[in-house]
2 protein chains.
Amino acid sequence: MADVARLAGVSSQTVSRVSTGHPGVVESTRQVVLDAMRELGYRPNSAARALKLGEFRTIGVILFTLATTGNSRTVEAIATQAALEGYAITLIPVAAPTQDGVLGAFTRLGELAVDGVIVIMEVHLLDATDLTLPPGMPVVVVDSDAGDRYPVVDTDQADGARQAVRHLLALGHRTVRHVGGPAESFSAERRAQAWRAVLADAGRPVPPVERGDWSAASGYRAGRRLAADPSCTAVFVANDQMALGVLRALHEHGRRVPGQVSVVGFDDIPDAASYLPPLTTVHQDFAEVGRRCVHGLLDQIRGERGTPGTELVPTVLIHRSSTAAPASP
Amino acid sequence: MADVARLAGVSSQTVSRVSTGHPGVVESTRQVVLDAMRELGYRPNSAARALKLGEFRTIGVILFTLATTGNSRTVEAIATQAALEGYAITLIPVAAPTQDGVLGAFTRLGELAVDGVIVIMEVHLLDATDLTLPPGMPVVVVDSDAGDRYPVVDTDQADGARQAVRHLLALGHRTVRHVGGPAESFSAERRAQAWRAVLADAGRPVPPVERGDWSAASGYRAGRRLAADPSCTAVFVANDQMALGVLRALHEHGRRVPGQVSVVGFDDIPDAASYLPPLTTVHQDFAEVGRRCVHGLLDQIRGERGTPGTELVPTVLIHRSSTAAPASP
DNA sequence: CACCGCCATGTTTACGTAAACATAGCCACC
DNA sequence: GGTGGCTATGTTTACGTAAACATGGCGGTG
């Protein structure tokens, strides 16, 4: 910067004013400075700027994995929205979903140059780790029930599940089986609870839950158990990838979908429209989740305290070809 | 830091030594300092540290989208490896795959606190934008043919495609159709070229290419055209998601897989094992790609110049149930 | 016992920037 | 024409850290 100032014949403060776009620099001076910058290939040192300003214009995102469609799409939406607001995104992967892993991530976070954090993680793991966020660090949590302590943004899991189950009951199915996500998952638990509640409200029997780990392979294993049960005519699967596995298992056992068994998924990943048959599923608006996370966090960064509470993003049931009325017995 | 030093009754330099883990601090002093840090909730200011050290310990990743499996898995591998090396990852999304979008990303990059950049992008777009990386900024490029100018890390696209096509020919198919990715994609082009070369070498007819945009929906459209052609007995699809669409199209047209038509994909995404039928596909080692990117970049950051040239990560053909010998006529 | 050298710690300084304050020149108005 | 205020620019300072250099005390060795 000093070099630029010398070459342009002005003070470094004037260079600073030009570089930050401050007003009060006359056009002719501005041009001289810009020319000097170009000639010397000057670019501002963001570390010095951050040190001076006390802010990094960067948001940290803590997560376990990008492998699930939901996470990677949420992160993409966050990154896009943050860029729009002039913020960069720093990814903080948690090596393993263990206490040590989480603790490591938060330790790194302490030294990291971020103004706030978005946590995409089951909150019970946060609790188990009794980690302390650096005091005063703004946070927004996704996919969690921490609404009593942190601001939370989440898809309306319960309502999505209700739509799915009600749709199947409305088609005439006596009851609905459920392939859930891992028991530790908050989203999985929310979807399972809503499924159970709708059945109970309708006075229907509540069959046992099959569990998977979100992967198609685990869905396949659950699907094999369901396929062996002739009384099973309708299945609500907690995500699309497991639904893919369920479809395959049903197919291999000669159970036609939707002729003999109806299947509903959750997420509406782009591939779901190309499954065999195209999957009826609950659409999640990941982009909106990302957008609200960033807004919520920036409000905290710029304004005062974040108010705990959960902000729900609505879902829509997408009707495709994997559901139908049960075959008349 | 000064507060910690005062409370611990030492100089700030000693606090610095403790916080950076430098040797030459006696254990008793170290404990006193650590206690003081804890009591005051001290955490080092990374901006000041970066300013002093002249490095950010951060890697920038420039990409268009996380929506494709390949990108998100590569990014995840990069993030994991970088964390292992003590580096953070900053995501720089390119708003739109246009010149303006790319230019915007690189402008932001100029002001960003990164020690090097990994570009996951078709290089022809870089060229079209005549952008200049800040001079001296270390770069590694993925998924590109820029090997003459930058260090490139990439999956061995050509060899993967060769394995796929040769497998189909070895099964006895007279020729192999191809559903390629978008013409602008370097990976897509490489896979198509290898497909063409294997057929030509074997003296087989080279049928016209069908094109998609990597999505299952586009694969479905291509698949409908193929299904209508009774002479088509084997298809090499440029990625698994499009293969999913092809499978659906073939199924809807009553063409059995692999009985009447064999299909091979590319990527080996986790879901591919659960397709109907489970997909034979070329396995890409995204984790290895990510690892080599980070190493290549850190070599540049720590050492001297990056040597242009392409580093290829091998692929493996995974045999599943979507390929078989052609039905005897 | 004196001197040397080493180890633990302290002091000084600079990294690049922007806010706060200072100054000088100009114009308008009475 | 003098005074007041405004605008464009310059000067000073501090942000928090770690490298470089300085100091002092202690043990070992001749």
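From a predicted model like this one, the values you see are computed outputs, not experimental measurements. All chains are named by letter (A, B, ...) in the order of the sequence lines, taking the proteins before the strands, and each is independently numbered beginning at 1.
For B:K52, whose side chain is taken as the heavy atoms from C-beta onward, the closest listed nucleotide among D:dG16, C:dT17, D:dG10 is D:dG16. Distances were taken from every side-chain heavy atom of B:H22 (C-beta onward) to each of D:dA18, D:dA19, C:dA18; the shortest belongs to D:dA19. In this structure, the nucleotide among D:dG16, D:dA18, D:dT17 sitting nearest to the side chain of B:S16 is D:dA18. When the nucleotides D:dT9, C:dG10, D:dT11 are ranked by their closest atom to the side chain of A:Q13, D:dT11 comes out on top. In the set D:dA19, C:dG10, D:dG10, D:dG10 carries the atom at the smallest distance from any side-chain atom of A:S11.
Protein atom CD of B:Q31 is 13 Å distant from nucleotide atom P of C:dT9, rounded to whole Å. D:dT17 atom C1' lies 15 Å from atom CZ of B:R43, rounded to whole Å. Spacing between atom CZ of B:R6 and atom C1' of C:dG10 amounts to 16 Å, rounded to whole angstrom units. The CG atom of A:N45 sits 17 Å away from the P atom of C:dA14 (whole-angstrom rounding). Note: CD (B:E27) to C1' (C:dC7) measures 16 Å, nearest angstrom. The interatomic distance linking B:R57 (CZ) with D:dA18 (C1') rounds to 15 Å, in whole Å. Here the P atom of nucleotide D:dA18 and the CD atom of B:E55 are 11 Å apart, to the nearest Å. Taking atom CG of A:L53 as the reference point, atom P of D:dG16 lies 13 Å away to the nearest angstrom.
Between the side chains of B:S19 and B:R49, at least one donor-acceptor pair of N or O atoms lies under 3.5 Å.
Side chain of A:R190 to main chain of A:D156: no donor-acceptor pair is present (N/O by atom type, distance under 3.5 Å, no hydrogens or angles). Between the side chain of B:N71 and the backbone N or O of B:T65 there is at least one donor-acceptor pair closer than 3.5 Å. The main-chain N or O of A:V139 is found under 3.5 Å from a side-chain atom of A:Q300 such that the two form a donor-acceptor pair.
Nearest-nucleotide mapping onto DNA chain C: of B:V10 and A:S46, the residue sitting toward the 5' end is B:V10. Annotation: of the two residues near DNA chain D, B:Y42 and B:R17, the 5′-most nearest-nucleotide partner is B:Y42.
Between B:R49 and D:dG16 there is no side-chain N or O to OP1 or OP2 distance below 4.0 Å. In this model, the phosphate group of D:dT17 is not approached by any side-chain N or O of B:S19 to a distance below 4.0 Å at OP1 or OP2. For B:T20, no side-chain nitrogen or oxygen approaches OP1 or OP2 of D:dT17 to under 4.0 Å.
Evaluated for a side-chain contact (heavy atoms from CB on, under 4.5 Å) with A:I59, the options A:L297, A:V117, A:V114 yield exactly one hit, A:L297.
Residue contacts shown for B:S12 are absent, as no nucleic acid heavy atom lies under 4.0 Å away.
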